[in-house]
> 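Next up is a structure, given as structure tokens.
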Amino acid sequence: MPDSQTEAKVRVTVSGKVVELPAGSPAVLAFKEAGVKGDFLAAKADGKVIDLKRPLKKDCTLEPVVTGTKDGLDVMRHTSAHVMAQAVARLYGAQNVEFAIGPVIDDGFYYDFDIDHKFVPEDFPKIEAEMKKIVAENLTLERREVAGKAEALAVLEGQRARFKRELIQDLPDTETISFYTQGEFTDLCRGPHLTATGKIKAFKIMSVAGAYWRGDEKRDMLQRLYATAFFSEKELEEFVHNLEEAKKRDHKKLGRELDLFSFHQEAPGFPFWHPKGMVIYDTIVDYWKKKHTAASYHQIKTPIILNESLWHQSGHWDNYRENMYFTEIDEQVYAVKPMNCPGGTLVYRSDLRSYREFPLRMAELGLVHRHEKSGVLNGLFRVRAFTQDDAHIYCTPEMLKEEIVAVMDLIFEIYRDFGFSDVNVNLSTRPEKSIGSDAMWANAEGSLTGALEHRAVKYAVDPGAGAFYGPKIDFQIRDSLKRYWQCGTIQVDFSMPERFEMEYVAADGARKRPVMIHRALLGSIERFLGVLIEHYGGAFPTWLAPEQVRVVPVSEDKQAAYSKRVLERLLQAGLRASVDLSSSRMGAKIRDAQMQKIPYMLVVGAREEETESVAVRRRDEMDLGAMGAGAFVERVLDEVRTRSLTLTLTKQ
RNA sequence: GCUGCUGUGGCUCAGGGGUAGAGCACGUCCUUGGUAAGGACGAGGUCAUGGGUUCAAAUCCCAUCAGCAGCUCCA
């Protein structure tokens with residue numbers, strides 16, 4: 001019998017229960033001792049995920065990581081990455097491959113390989129089949145810790161493993177270095193991992209792409225296999241289905257199909273808006289202007305081309321020149337504005353300002369141009385010319401918090417009206433390199449957090465991620481496919497007022513420097529419209545729809561006059577409508593309107609003509625039956641007025 | 001910007017060393033039909049651009065431009 005007096009023990013707290021185990025016992029034993037049952041994938045010791053077999057060396061709080069959790073999924077995906085690497089090693093010969101890294105990412109994992117064979121999608125089934133074999137073999141994963149870099153390098157002795165060696169070299173000396181082995185495959189890895197490959201459930205290789213070693217384009221280009229894994233085939237199928245859905249909703253595709261905008265070789269990165277796209281664009285702008293007028297904003301418009309000297313003063317010439325376009329006027333250099341603020345400050349300085357005007361809110365839908373690298377252009381999401389829904393607010397430091405609350409209120413209200421109720425909020429605080437006094441930063445950051453807390457907004461803090469000229473809050477909206485889009489931002493700016501020597505006259509008659517808030521809600525109208533297209537899948541709510549009502553005569557001959565009368569009535573009421581007087585059959589006309597995702601179709605035939613009525617059909621395929629033409633108009637107008645996100649008309 | 005893939009009528013795409021095809025859309029005509037495609041006929045492309053190989057290039061090679069994916073960048 002072991003001497004319990006001398007044997008070291010660890011005290012482990014598992015869901016409130018304390019169990020005592022010999023030091024070095026595997027984590028999983030603690031669950032067993034504590035009587036916790038379940039499908040364990042890993043353990044979490046004081047918040048850190050570790051292997052189930054990891055020896056416990058000191059007292060800790062331990063919880064199981066089980067199927068169905070994010071932690072569990074990450075562990076399974078991590079092990080899946082090793083399995084994929086092992087499969088590649090088996091299929092192409094371990095001596096022919098060099099392994100780089102294989103981390104878990106948001107939607108799965110990847111592994112980077114240096115291999116002569118060029119992966120093509122046709123290789124995926126083969127690799128997947130080998131992975132399935134490895135899972136079926138249920139190989140156990142063994143962790144081996146080595147003492148320092150020298151020993152780690154010794155493990156790799158004689159192997160082609162220049163990436164692994166480099167990784168080891170760059171590790172801090174204090175770091176524990178570990179390897180994981182499953183069957184014949186060993187990989188440098190921090191872990192944690194599943195206990196055995198058999199616990200991997202459903203996986204799929206998604207794509208292959210080039211990727212630079214350590215993201216550096218001057219270094220080796222590797223082949224990256226993207227893959228994903230889930231706890232069940234069902235979840236995997238759902239994921240794949242979602243990807244297809246996202247593809248269907250691609251705004252570039254819908255933009256073409258719905259005839260909203262186009263892009264052309266003659267102007268890469270510069271969108272061309274078609275009539276229907278313009279309707280949506282203008283509707284957003286009209287709405288935006290109304291909201292800003294109601295929130296006591298003034299609206300200004302500043303030039304697109306401004307003298308180079310202004311950009312020296314603003315600091316853009318030093319920091320942003322690469323992204324700017326230049327031109328020449330009368331032998332003077334001018335720049336096309338990449339941002340609106342410098343022009344805005346000229347408006348501010350056009351008059352002597354008083355504290356009585358504060359907070360002075362100047363909004364500008366400013367068209368900016370930025371030279372984005374060709375490879376980053378992406379439909380409306382990344383363009384070279386776009387309209388920022390910008391505003392600059394000038395106020396005193398004391399007003400900051402209240403102003404920020406007001407901006408936030410406006411942001412959330414506007415997001416809600418477009419159907420975005422889930423918003424991620426991020427606070428970025430002072431970076432190492434920054435201007436402005438400690439007191440200024442304290443006030444600004446205090447105002448931002450104060451505003452967030454005042455409205456009980458949940459937010460994450462990104463320490464040191466603020467701009468050098470001030471802290472900021474960023475807003476990301478979640479769309480119907482659960483993707484997040486960075487749109488809104490509120491930035492406090494200490495730099496601009498200094499650089500442009502902006503002043504106001506305070507109550508005591510002294511000249512003081514105002515604080516400037518720089519804010520955008522939608523970010524860029526173009527990009528936001530792209531997000532809206534994907535969010536709604538092209539089926540815009542009625543208030544935004546380019547065409548709201550399509551009149552469909554049953555017989556073009558016989559109901560031409562009546563259908564035109566109905567159309568006239570719709571147009572007079574201010575609705576966007578048209579009539580289909582083509583000679584196609586009614587079914588084809590309906591199909592056409594349906595594919596254009598027009599909210600309402602009005603079928604008019606002999607029956608309707610007799611009673612001055614219309615047979616209403618909703619694009620979500622509901623035949624609502626007949627109703628009086630006047631009643632229809634009133635109800636749709638109401639739907640538009642309230643900016644309803646759903647179609648509201650129902651069967652009477 | 002880097003790497004890979006792609007570029008054929010307005011759109012989606014097939015074809016492929018011997019000077020081009022389908023469906024949809026479009027036009028004309030016939031059809032006047034009650035809730036997702038009626039029919040016939042027709043027009044439309046120097047196969048992204050420039051160069052090279054070849055008796056012959058849309059097809060093969062190179063470069064350029066553009067698009068897509070990824071990397072990086074940006075926020």
Side-chain angles (χ1 to χ4, degrees), chain A residues 105 110 112 118-121 206-226 247 250 252-253 255-259 262-269 274 319-320 322-323 338-339 370-379 381-384 386 388 426 428 462 465-467 472 474-476 484-489 491 520 523-524 527 550 552-560 581-598 600-609 614-626:
Chain A
I105 52 176
Y110 66 79
D112 286 348
K118 257 185 56 61
F119 287 122
V120 290
M206 305 303 297
S207 61
V208 55
Y212 298 101
W213 169 236
R214 300 202 147 174
D216 183 347
E217 67 184 60
K218 287 181 195 68
R219 309 198 60 178
D220 292 349
M221 166 69 72
L222 308 171
Q223 295 193 65
R224 175 172 299 176
L225 286 180
Y226 281 97
K247 222 181 250 171
D250 185 319
K252 286 162 277 177
K253 186 166 146 28
R256 200 184 310 110
E257 287 170 1
L258 302 178
D259 199 14
S262 57
F263 283 93
H264 302 274
Q265 259 189 226
E266 289 80 354
H274 293 16
N319 300 308
Y320 207 71
E322 298 289 292
N323 287 295
M339 293 182 196
R370 297 181 183 177
H371 182 246
E372 304 285 359
K373 289 180 184 176
S374 60
V376 304
L377 299 175
N378 179 206
F381 289 159
R382 196 73 178 269
V383 291
R384 285 178 168 155
F386 56 97
Q388 284 185 310
N426 256 298
S428 299
D462 203 346
K472 61 171 181 174
D474 288 324
F475 298 82
Q476 300 176 313
Y484 283 93
W485 304 95
Q486 156 92 54
C487 291
T489 182
Q491 306 186 359
S524 124
R527 191 175 115 101
R550 171 76 55 89
V552 176
V554 172
S555 157
E556 172 256 322
D557 270 12
K558 295 180 185 142
Q559 282 90 41
L581 287 174
S582 71
S583 67
S584 348
R585 281 172 201 279
M586 198 191 78
K589 293 181 189 180
I590 285 175
R591 178 169 189 272
D592 206 49
Q594 198 76 49
M595 300 227 292
Q596 287 296 307
K597 301 180 195 287
I598 298 166
Y600 293 104
M601 286 150 259
L602 299 183
V603 174
V604 295
R607 294 204 296 268
E608 286 74 23
E609 183 166 4
V614 292
V616 183
R617 179 189 162 95
R618 272 168 57 160
R619 71 170 163 220
D620 33 6
E621 295 192 62
M622 282 170 66
D623 183 358
L624 304 179

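None of the values given here were measured: they were computed from a predicted structure. Below, chains carry the letters A, B, ... as their sequence lines are ordered, and counting in each starts from 1.
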> With pairs taken as Watson-Crick or G-U wobble and both distances under 3.5 angstrom, which stems of at least three consecutive pairs involve RNA chain B?
B:1-7 with B:65-71, B:10-13 with B:21-24, B:26-30 with B:38-42, B:48-52 with B:60-64
> Could you list the residues that satisfy ring-ring contact (aromatic ring centres under 6.0 Å, His included) with A/H274, not counting sequence neighbours?
none
> Test of understanding: with salt bridge (Lys or Arg N to Asp or Glu O under 4.0 Å), list the residues that count as partners of A/K253, not counting sequence neighbours.
A/E257
> List every contact pair, protein side and nucleotides 67-70 of chain B side both N or O, where the distance is under 3.5 Å.
unit_1, atom_1, unit_2, atom_2, d
B/G70, O3', A/Y226, OH, 2.8
B/G70, O2', A/G210, O, 2.9

> Between B/A48 and B/U35, how far apart are the two C1' atoms, rounded to whole Å?
43 Å
> With A/R214, which residues qualify under salt bridge (Lys or Arg N to Asp or Glu O under 4.0 Å), at least two apart?
A/E166, A/D170
> Output all residues satisfying side-chain contact (heavy atoms from CB on, under 4.5 Å) with A/A520, sequence neighbours left out; order by chain, then residue number.
A/D389, A/T489
> Looking at B/G34, does its base get a donor-acceptor pair with the side chain of A/E608 below 3.5 Å?
yes
> Specify the residue among A/D623 and A/R370 whose closest nucleotide of RNA chain B lies further upstream toward the 5′ end.
A/D623
> Looking at every heavy atom in both A/L258 and A/M595, which two are closest together, and how far apart are they?
CD2-O, 3.7 Å
> Only counting residues at least two apart or in another chain, list the ones meeting ring-ring contact (aromatic ring centres under 6.0 Å, His included) with A/Y484.
none
> Using the C1' atom in both, what is the distance from B/C5 to B/U28, to the nearest Å?
42 Å
> Could you pull out all residues at least two apart from A/D250 that satisfy salt bridge (Lys or Arg N to Asp or Glu O under 4.0 Å)?
A/K252
> Residues in side-chain contact (heavy atoms from CB on, under 4.5 Å) with A/R382, at least two apart?
A/E372, A/V376, A/N378
> Mind checking ring-ring contact (aromatic ring centres under 6.0 Å, His included) for A/F386 and listing every partner two or more places apart, or none if nothing turns up?
none
> Tell me, please, which residues at least two apart from A/R384 pass salt bridge (Lys or Arg N to Asp or Glu O under 4.0 Å).
none
> Please tell me if A/R617 has a side-chain N or O lying less than 4.0 Å from either OP1 or OP2 of B/A36.
yes
> Set out, line by line, the N/O atom pairs under 3.5 Å between protein and nucleotides 38-48 of chain B.
unit_1, atom_1, unit_2, atom_2, d
B/G38, O4', A/R585, NE, 2.9
B/G38, N9, A/R585, NE, 3.2

> Of all the choices, B/U32, B/A36, B/G34, which nucleotide is nearest to the side chain of A/E556 once you look at every atom?
B/U32
